[in-house]
Every structure is written in C-alpha cells, then in structure tokens.
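Starting from 1, each residue takes its place in the sequence as its number. Since the structure is predicted, the reported quantities are computational estimates derived from the model, not experimental observations.
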Amino acid sequence: MSETATREFTYTQDDFDYIRKLVTERTGIVLSENKYEMVYGRVSRRLRTLHLTNFKDYIERIAADQDELIELTNALTTNLTYFFREEHHFEYLAQVLLPELRRQKRHDRSLRIWSSACSTGEEPYTLSMVLLENLPPQETWDVRILASDLDSRVLEKAESGVYDLSKIKGLSDARLKRWCQQGSGAKSGMMRIRPSVKELVSFRQLNLIGEWPMKGPFDFIFCRNVVIYFDKDTQKRLFDRMATLLPMGGILFVGHSESLFKVTDRFEIVEKSIYRRVL
C-alpha cells in the first residue's frame, strides 16, 4: 500500500514544497524538511473544514483566496506564551530600563513600546502591568503599547483579554487580584484583564516581513521567540528595520534561544537576550 493510500488526504512532496515555499515568501518562516508531517497534520484540519479531499485542490484554493492564505498561516504558526515569560526581561525593565527612561523623558513623559509578536496577548498585558506598577500615577505618563501578530485568531483572543484560570502560568496571586477580574457563575474558572491594563494596549495584525505602517520611534521593542523561524538573511533585515525604529541606545528584547551574534552590528548585548542599539 502506498504512503498516500494510508492517509486521509492525498499529500505529496510537491505539495509540501509548494506550501513551505509560499509560507517563506509570505511570512519569512522557514519550514525544514522535518516539518513534512507537521504540515500534513495542521493543514488537514483546513481540508476537513473546506470539505476538500486532497492537497492539490487546497493549493489551488490558497492561490486564489487571500483569506485562506491567512488561515494557512494561522494553522502553521505556533503561539506558546504566558504571563511574565522570561521573567528576567521584566525585572530588567522595572529595575533598570524604566528608571533610565523616567530620567531621560522627565519632560515629555511619553513612552512608546512595540510587542511585535504578541500572540494571545500575555506579553503586552505583562508589559502594561509592569509599567503601571513602576510609573508613579502622579507623573501622568502617556503610555502606548502596540501589540502585533501575524495570526488573526490569536489577536481576537488577545483583544478580548479573557483567559482560563488554569492556563495563566506566570501571574502571582497578588497580580491576579490587582490586575484581573475573576469570573463567577457561568464564567467561573475564567478571568478578564482589568480595563486599566487593557487601555494601554492596541492590537494590530502585522506581517513582520511586510510593510510596516508605524514610523516610530519606540523606546523599546519586544521581539521574542519569532526569529528562530527565520533564516539569517531575514533576521538581519528584520533587526535592521527594528533598529531604525529605535533611538540610539534604545533596547531590544529577544527570546532566550535567540541571538544577534553575527546577524547585525547595530546592537550590542546588555544582558542575556537584551540588546542596545549602537548604530
């Protein structure tokens, strides 16, 4: 029995090669050969939804339907995140960066931040909590956090600000009480981010390798756990573009498994996975 005969849907190497080439062109995400089965498993869900019987028909569909191309991208992207993930970043923000910015910007008292791969919203809401905890209210700071992601589905969840209490790893009981509203009755077991936290954050769909509507400058940027899916040339272009949106000395936070070493010379390392713009 052939490989395709054992599958629910007809799927060939040509199908896989076409899909991964398209995904790289549109998103910068590089799917290695060992993602062959992962692509089959995730894209098969779309075939069932659309009542298609093989990948060839699906490829014709995504070639003609921009909305379905977005659904394909959503299906293939991973959105693992939680509140206060990589906590040392938020400790650095509270203990080092914010005191610096309060001194530097004591006259205009405005902060602009970009969470560039925000997933379901835990990262930008964490940023909002840290800012509210560390900026004295009497100083009346104007704070705006731009939170963007490629995946339209996770942005919908992020904007709702509603989370399952069993899945809020990273939030202490004190912060849960201070910054969240716990549900009751039919909403028992759920929590909602308080309006004071939400109002600092604006969510937008954005392809990091596409056009960027914002001009900056941002005081600091979080770009964590996304460039691991890009090749080195794409990483270099991305970080060069981000450097232009930061002032000299502006801070870039990346994921714990990511590095700018031999990727760009526009940043110097400050601490592990924290970089400062120098060029």
**Q** Check this for me: does any side-chain nitrogen of one of Asp14 and Lys56 sit under 4.0 Å from a carboxylate oxygen of the other?
**A**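 Looking at Lys56 together with Asp14, the answer is no, because their closest N to O distance does not fall below 4.0 Å.
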**Q** Taking all atoms of both residues into account, what is the closest heavy-atom pair of Leu246 and Ile251, and its distance?
**A**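 Leu246 and Ile251 have their closest heavy atoms at CD2-O, 3.9 Å.
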**Q** Under a single-linkage rule joining Ile, Leu, Val, Met, Phe, Trp and Tyr whose side-chain heavy atoms are separated by less than 4.5 Å, which residues share a cluster with Leu279?
**A**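 The other cluster members (ILVMFWY side chains, heavy atoms under 4.5 Å, direct or chained) are Val278.
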**Q** Examine distances only and state if a side-chain atom of Lys187 and a backbone atom of Arg192 form a donor-acceptor pair shorter than 3.5 Å.
**A**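 No; judged by distance alone, with no hydrogens or angles, the pair does not exist.
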**Q** Hydrogens and angles aside, do Asn225 and Glu86 bring a side-chain donor and acceptor to less than 3.5 Å of each other?
**A**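 Yes.
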**Q** Arg237 vs Thr234, test: side chain to side chain donor-acceptor pair (under 3.5 Å). Steps then yes/no.
**A** CA-CA 5 Å; Arg237 289 193 297 271; Thr234 304; 3.3 Å; yes
**Q** Quick check: closest heavy atoms across Ser152 and Ile70, and the distance to 0.1 Å?
**A**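 Of all heavy-atom pairs spanning Ser152 and Ile70, the closest is OG-CG2, 3.9 Å.
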**Q** Could you walk me through whether Lys169 and Phe84 pass side chain to side chain contact (heavy atoms under 4.5 Å, CB included), step by step?
**A** CA-CA 8 Å; Lys169 175 183 175 182; Phe84 287 87; over 6 Å; no
**Q** Just by distance, with hydrogens left out, do His256 and Arg224 show a side-chain donor and acceptor under 3.5 Å apart?
**A**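 No, no side-chain donor-acceptor contact under 3.5 Å.
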**Q** Are Met38 and Ile62 linked, directly or through other ILVMFWY residues, by side chains that come within less than 4.5 angstrom of each other?
**A**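 Linked within one cluster.
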**Q** Assess, by modelled atom type and distance only, whether the side chains of Ser32 and Asn34 contain a donor and an acceptor separated by less than 3.5 Å.
**A**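 Ser32 vs Asn34: donor-acceptor pair found between side chains.
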**Q** Could you tell me whether the side chain of Phe253 reaches within less than 4.5 Å of the side chain of Ile221, counting heavy atoms only?
**A**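 When only atoms from C-beta onward are counted, Phe253 and Ile221 do not touch, as no gap falls below 4.5 Å.
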**Q** With heavy-atom distances below 4.5 Å as the criterion, would you say the side chains of Phe9 and Val43 are in contact?
**A**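 Contact flag for Phe9/Val43 side chains = no.
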**Q** Who else is in Met190's hydrophobic cluster (ILVMFWY, side-chain heavy atoms under 4.5 Å, direct or via others)?
**A**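 Besides Met190, the hydrophobic cluster comprises Val162, listed by chain and residue number.
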**Q** Listing request: all ring pair (Phe, Tyr, Trp, His ring centres under 6.0 Å) pairs with a residue in residues 101-124, at least two apart in sequence or in separate chains.
**A**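 Applying ring pair (Phe, Tyr, Trp, His ring centres under 6.0 Å) to every pair that reaches into residues 101-124, excluding sequence neighbours, yields Trp114-Trp212, Trp114-Phe218.
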**Q** Quick one: pull up CG in Leu135 and CZ in Arg102 and give me the separation to the nearest 0.5 Å.
**A**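 One finds 7.0 Å between CG of Leu135 and CZ of Arg102.
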**Q** Salt-bridged, Asp57 to Arg61, with N to O below 4.0 Å?
**A**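 The answer is no: the pair does not qualify as a salt bridge.
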**Q** Among residues at least two apart in sequence or on other chains, which ones pass side-chain contact (heavy atoms from CB on, under 4.5 Å) with Ala117?
**A**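 Here the qualifying residues are Asp149, Val226.
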**Q** Begin from the C-alpha positions of Val39 and Leu76 and carry the test side chain to side chain contact (heavy atoms under 4.5 Å, CB included) through to its verdict.
**A** CA-CA 7 Å; Val39 168; Leu76 293 176; 4.2 Å; yes
**Q** Are Asp173 and Lys177 close enough that some pair of their side-chain heavy atoms sits under 4.5 Å apart?
**A**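 A side-chain contact is absent here, since even the closest heavy-atom pair is not under 4.5 Å.
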**Q** Quick check: closest heavy atoms across Asp164 and Gly189, and the distance to 0.1 Å?
**A**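 Of all heavy-atom pairs spanning Asp164 and Gly189, the closest is OD1-O, 3.5 Å.
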**Q** Not counting sequence neighbours, which residues clear salt bridge (Lys or Arg N to Asp or Glu O under 4.0 Å) with Arg20? List them please.
**A**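 Residues passing salt bridge (Lys or Arg N to Asp or Glu O under 4.0 Å) with Arg20: Asp17, Glu33.
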**Q** Transitively linked via ILVMFWY side-chain contacts under 4.5 Å: Leu146 with Phe90?
**A**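 No, Leu146 does not connect to Phe90 through the hydrophobic network.
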**Q** With Tyr11, which of Tyr18, Tyr58, Tyr40 fulfils ring-ring contact (aromatic ring centres under 6.0 Å, His included)?
**A**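 Output: one option passes, namely Tyr40.
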**Q** Going by the side chain to side chain contact (heavy atoms under 4.5 Å, CB included) test, name the single residue among Ile274, Leu101, Leu252 that passes it with Phe220.
**A**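 For Phe220, the side chain to side chain contact (heavy atoms under 4.5 Å, CB included) test succeeds with only one of Ile274, Leu101, Leu252, which is Leu101.
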**Q** What distance do Ser160 atom OG and Ile193 atom CD1 have between them, rounded to the nearest 0.5 Å?
**A**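 The distance works out to 9.5 Å.
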**Q** How long is the span from the CD1 atom in Ile168 to the CG atom in Leu176, to the nearest 0.5 Å?
**A**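 That separation rounds to 4.5 Å.
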**Q** Would you say that Val227 contacts Val263 through its side chain, given a criterion of any heavy-atom pair below 4.5 Å between the two side chains?
**A**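 Counting from C-beta outward, Val227 and Val263 never come under 4.5 Å.
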**Q** Within the 4.5 Å heavy-atom criterion, are Tyr125 and Leu200 side-chain neighbours or not?
**A**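 Heavy-atom side-chain distance check fails, nothing below 4.5 Å.
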**Q** Does Met214 reach the side chain of Leu206, with side-chain heavy atoms less than 4.5 Å apart?
**A**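 Yes, close enough: below the 4.5 Å cut-off.
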**Q** Hydrophobic clustering (ILVMFWY, side-chain heavy atoms < 4.5 Å, transitive) - are Leu98 and Tyr275 grouped together?
**A**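 No, separate clusters.
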**Q** Could you tell me if Arg175 and Ser172 have a donor-acceptor pair between their side chains, going purely by distance under 3.5 Å?
**A**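 Judged by distance alone, the side chains do not pair up.
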**Q** Below 4.0 angstrom, N of the basic side chain to O of the carboxylate: do Arg277 and Glu268 qualify?
**A**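 So Arg277 does not pair with Glu268 through a salt bridge.
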**Q** Just how far is it from atom CD of Glu100 to atom CG of Leu93, taken to the nearest 0.5 Å?
**A**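 Rounded to the nearest 0.5 Å, the CD-CG separation comes to 10.5 Å.
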**Q** Does NZ or CZ of Arg266 fall inside the cone over Phe239's six-membered ring, less than 6.0 Å from its centre and within 45° of the axis?
**A**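 No, a cation-pi geometry is absent between Arg266 and Phe239.
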**Q** Quick one: do the Thr120 and Glu122 side chains pair a donor with an acceptor below 3.5 Å?
**A**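 On atom types as modelled, these side chains qualify, holding a pair under 3.5 Å.
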**Q** What is the distance from atom NZ of Lys272 to atom NE2 of His89, rounded to the nearest 0.5 Å?
**A**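 It comes to 8.5 Å.
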**Q** Who passes salt bridge (Lys or Arg N to Asp or Glu O under 4.0 Å) against Asp15, sequence neighbours left out?
**A**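 Result, salt bridge (Lys or Arg N to Asp or Glu O under 4.0 Å) vs Asp15: none returned.
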**Q** Would you say Ser202 and Ile145 make side-chain contact, with heavy atoms under 4.5 Å?
**A**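 The answer is no; the side chains never approach within 4.5 Å.
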**Q** Measure the spacing between CD1 of Ile19 and OH of Tyr36 and express it to the nearest 0.5 Å.
**A**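 Here the interatomic distance stands at 10.0 Å.
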**Q** Among the clusters formed by ILVMFWY side chains lying less than 4.5 Å apart, do Leu127 and Tyr163 turn up in the same one?
**A**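 Yes, one cluster joins them.
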**Q** With clusters defined by side-chain heavy atoms of hydrophobic residues (ILVMFWY) lying less than 4.5 Å apart, directly or transitively, does Met191 cluster with Leu132?
**A**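 Linked within one cluster.
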